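Model, not experiment: these values are computed from the prediction. Every chain is numbered from 1 and lettered A, B, ... according to where its sequence line falls, protein lines coming before strand lines.
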Amino acid sequence: MLDARYVAEHLDEVRERLSRRSPSWGSAVEALGPLAERRRRLIVETEALAAQRNAANQAMAELAKGPDKEAFAKRRDELKALSGQIKEKEAALAEVLTELESRLLELPNLPHPDVPVGASEEDNRVVRSWGEAPRFDFEPKPHYELGEPLGLLDFERAAKLSGARFSVLWGAAARLERALVGFMLDLHTREHGYREVAPPYLVRGDALRGTGQLPKFEADLFKTQRSPDDPEPLYLIPTAEVPLTNLHAGEILDPGVLPLAYTAFTPCFRSEAGSYGKDVRGLFRQHQFDKVELVRFAEAEHSYEELEKLTAHAEAVLQRLGLHYRVVELCTGDLGFGSAKTYDLEVWLPSQQRFREISSCSNCEDFQARRAQIRHRPAPKEKPRLVHTLNGSGVAVGRTLIAIFEQYQNADGSITVPEVLRPTMGTDRIGPGKS
RNA sequence: GGAGGCGUGGCCGAGUGGUCGAAGGCAGCGGUUUUGAAAACCGCCGUACCGUCAGGUACCAGGGGUUCGAAUCCCUUCGCCUCCGCCA
């Protein structure tokens, strides 16, 4: 969420920066100026009346003790009128606040000034690439054409259980998934300094509001209700970013504790509303997938260094696995709702002859911190300040499995196990008769 | 799922309608004293919003209500605790 005051005082700047995402955002700020002014005026008026009432109440305490019941009754009736006025003002103010807040909650973050302006994926800027595309003297297959014949990936039975966009992993594929999770967590906790967290997979609406999925993207979420009119429905997390970032919601972090770095393995659940027809085959786009997530909390002046670190930590996963990938900086049009700047890691998929997203590393600056009220005290006695929050996949496990299947495939349809996974996998090759 | 209890500032804890943003204690910070430390003593010690300042307003789990006035009364949601039931 953007700062209401900042928006009201910098309408032109905010309009311009938001319109870099998409021209339609520009107009979303129009109503905010007058609303902010109404808010200010109502606060001044309400508080003046409240001050009057509070002063009068002290006199009333005296009158109530005294003998003059008529004076008390008369004054009480006057104050009743005053009280009524205050209630009216408060109601009007509440309405304006609600309106202002709901508009603000729907507004995306301002892109960082350096983010390349563009309309879509096409305009993303390639920052660097690592490794080389494996060369095959045969036609490389997509992962599902490798996994299904080997009896490792089972989409038919998954559909029987749960419908489209679910999968069953058998044998070596299930084990590979587990090996990857362990490998990633060990790397981040032992070498990159993250603290491992096992968070809830079901969270309240507040948490999703904090990170920005609500109120605007409810359709992308799986919602659970304990009764048809459950006042506090729980949602399945679409990413561990939600529980990890909200861990410190409403807190004021002590001086000196930043930066904080958390990592968690969790399944993620997404309704994939609006993605009909996209990536329908295989593991690429599922309603449920596994991910190791990285989250960092930083001071405002260091958050961009932190973003570079975070990205490097995610990259290390792919490097150790020997997977060819590239890093792109998302253009304004492709930027996520809460992000000011994002690097995507895209891994090479031989069957598609292109790079596909496997990690997304973002600096949300104070956008989420303001929603979730995550603050820190820079030094003892100083005023609390909003922190900057960062998150990134470190990395998407299912997509890593795809990349390994495809980049490490052999002519006979078997798959070589990347070096670093061999101890846990107990084999150097997944293939017919080997799973 | 049934019955009951509770939710106050960083922590403990007082406060059951009137001058309470809230006693007291602990922790923390500053000072006096001391060769130094401890102890003792004095002071400070929540957050946000409005206001150029002085200052004002709001917040006692969240929301709503009663009242001239609510931390205090009522309703509701959430959370925690105890007992019973069920359960990985």
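- The structure places CG of A:Leu214 at 4.5 Å from CG of A:Leu208, a figure rounded to the nearest 0.5 Å.
- The gap from the P atom of B:rC74 to that of B:rU82 amounts to 25 Å, rounded to the nearest Å.
- Side chain of A:Asn57, nearest nucleotide from B:rC78, B:rG18, B:rG51: B:rG18.
- Ranking B:rC49, B:rU47, B:rC68 by closeness to the A:Glu47 side chain, first place goes to B:rC49.
- For A:Arg40 and B:rU52, the CZ to C1' distance is 13 Å, given to the nearest whole Å.
- Taking the six-membered ring for Trp and the full ring otherwise, A:Phe269 and A:Tyr201 have centroids separated by 6.0 Å or more.
- Across B:rA37 and B:rG51, the matching P atoms stand 47 Å from one another, rounded to whole Å.
- Residue-to-nucleotide proximity on RNA chain B shows that, of A:Asp3 and A:Asp77, the 5′-proximal contact is made by A:Asp3.
- A gap of 22 Å separates the C1' atoms of B:rG17 and B:rG13, to the nearest Å.
- Distances shorter than 4.0 Å separate none of the side-chain N or O atoms of A:Asn54 from OP1 or OP2 on B:rU19.
- Judged by Watson-Crick or G-U wobble contacts below 3.5 Å, the nucleotide B:rU32 has B:rA40 as its partner.
- Checking the phosphate oxygens (OP1, OP2) of B:rU77, no side-chain nitrogen or oxygen of A:Arg204 falls inside 4.0 Å.
- Residue A:Arg5 has a polar side-chain atom (N or O) positioned under 4.0 Å from OP1 or OP2 of B:rC50.
- Across the protein-nucleic acid pair, A:Leu93 atom CG and B:rU57 atom P stand 16 Å apart, rounded to whole Å.
- Between B:rA48 and A:Arg375, a contact under 4.0 Å exists linking OP1 or OP2 to a side-chain N or O.
- For B:rU52, there is no paired nucleotide, since no Watson-Crick or G-U wobble pair has both relevant distances below 3.5 Å.
- Between A:Met60 atom CE and B:rU19 atom C1' there is a gap of 14 Å when expressed in whole angstrom units.
- Side-chain atoms of A:His143 come within 3.5 Å of backbone N or O of A:Leu283 as a donor-acceptor pair.
- Nearest to the side-chain atoms of A:Glu232 among the listed nucleotides B:rC68, B:rG69, B:rC78 stands B:rC78.
- Heavy atoms of A:Lys74 sit nowhere under 4.0 angstrom from any nucleic acid atom.
- Figure legend. B:rG24 is base-paired to B:rC12; pairs are counted as Watson-Crick or G-U wobble with both atom distances under 3.5 Å.
- Of the possible polar contacts, none joining the A:Arg370 side chain to the A:Leu386 backbone as a donor-acceptor pair under 3.5 Å is found.
- Geometrically, A:Arg320 does not engage A:Phe183 in a cation-pi contact, judged by NZ or CZ lying under 6.0 Å from the ring centre and within 45° of the ring axis.
- Side-chain contact annotation: A:Thr263 with A:His188, donor-acceptor N/O pair under 3.5 Å absent.
- At B:rU47, one or more side-chain N or O atoms of A:Arg377 fall inside 4.0 Å of OP1 or OP2 (strictly under the cut-off).
- The distance between atom NZ of A:Lys89 and atom P of B:rU57, rounded to the nearest whole Å, is 17 Å.
- When Watson-Crick and G-U wobble pairs are counted only if both distances are under 3.5 Å, B:rU47 pairs with B:rA58.
- Across all strands shown, B:rU72 forms no Watson-Crick or G-U wobble pair with both distances under 3.5 Å.
- The interatomic distance linking A:Arg370 (CZ) with B:rU47 (C1') rounds to 16 Å, in whole Å.
- A pairwise comparison of heavy atoms in A:Arg103 and A:Ala31 identifies NH1-CB, 3.5 Å as the closest pair.
- Checked against B:rC50, B:rU19, B:rG69, the side chain of A:Ala61 finds its nearest nucleotide in B:rU19.
- Atom C1' of B:rU47 sits at a distance of 16 Å from the matching atom of B:rA61, rounded to the whole Å.
- To the nearest whole angstrom, the two P atoms, one in B:rC80 and one in B:rA23, are 30 Å apart.
- If you measure from atom CD of A:Gln373 to atom C1' of B:rC59, you get 13 Å, rounded to the nearest angstrom.
- Spacing between atom CD of A:Glu90 and atom P of B:rG63 amounts to 13 Å, rounded to whole angstrom units.
- At B:rC50, none of the side-chain N or O atoms of A:Thr46 fall inside 4.0 Å of OP1 or OP2 (strictly under the cut-off).
- Toward the 5′ end of RNA chain B lies the nearest nucleotide of A:Pro384, the other residue of the pair A:Ala51 and A:Pro384 mapping further downstream.
- Counting any heavy atom pair closer than 4.0 Å across all strands shown, A:Arg53 reaches sugar-phosphate atoms only and no base atom.
- On the P atoms, B:rG25 is 11 Å away from B:rG43, given to the nearest whole Å.
- For the P atoms, the distance from B:rU67 to B:rU57 is 23 Å, rounded to whole Å.
- If you take CD of A:Gln58 and P of B:rG17, they are 19 Å apart, rounded to a whole angstrom.
- Phosphate proximity of B:rC50 to A:Arg39: present, with a side-chain N or O under 4.0 Å from OP1 or OP2.
- Under the Watson-Crick and G-U wobble criteria, each requiring two contacts below 3.5 Å, nucleotide B:rC87 is left unpaired.
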* Check against side chain to side chain contact (heavy atoms under 4.5 Å, CB included), A:Gln213 and A:Glu241 -> CA-CA 11 Å; A:Gln213 284 80 11; A:Glu241 167 198 344; 4.3 Å; yes

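- Searching all strands for a Watson-Crick or G-U wobble partner of B:rC78 with both distances below 3.5 Å returns B:rG7.
- The partner of B:rU67, taking Watson-Crick or G-U wobble pairs whose two distances both stay under 3.5 Å, does not exist in any strand shown.
- Within the structure, every side-chain polar atom (N or O) of A:Arg76 is placed at least 4.0 Å from both OP1 and OP2 of B:rG18.
- Going from the P atom of B:rG28 to that of B:rC78 covers 39 Å, rounded to whole Å.
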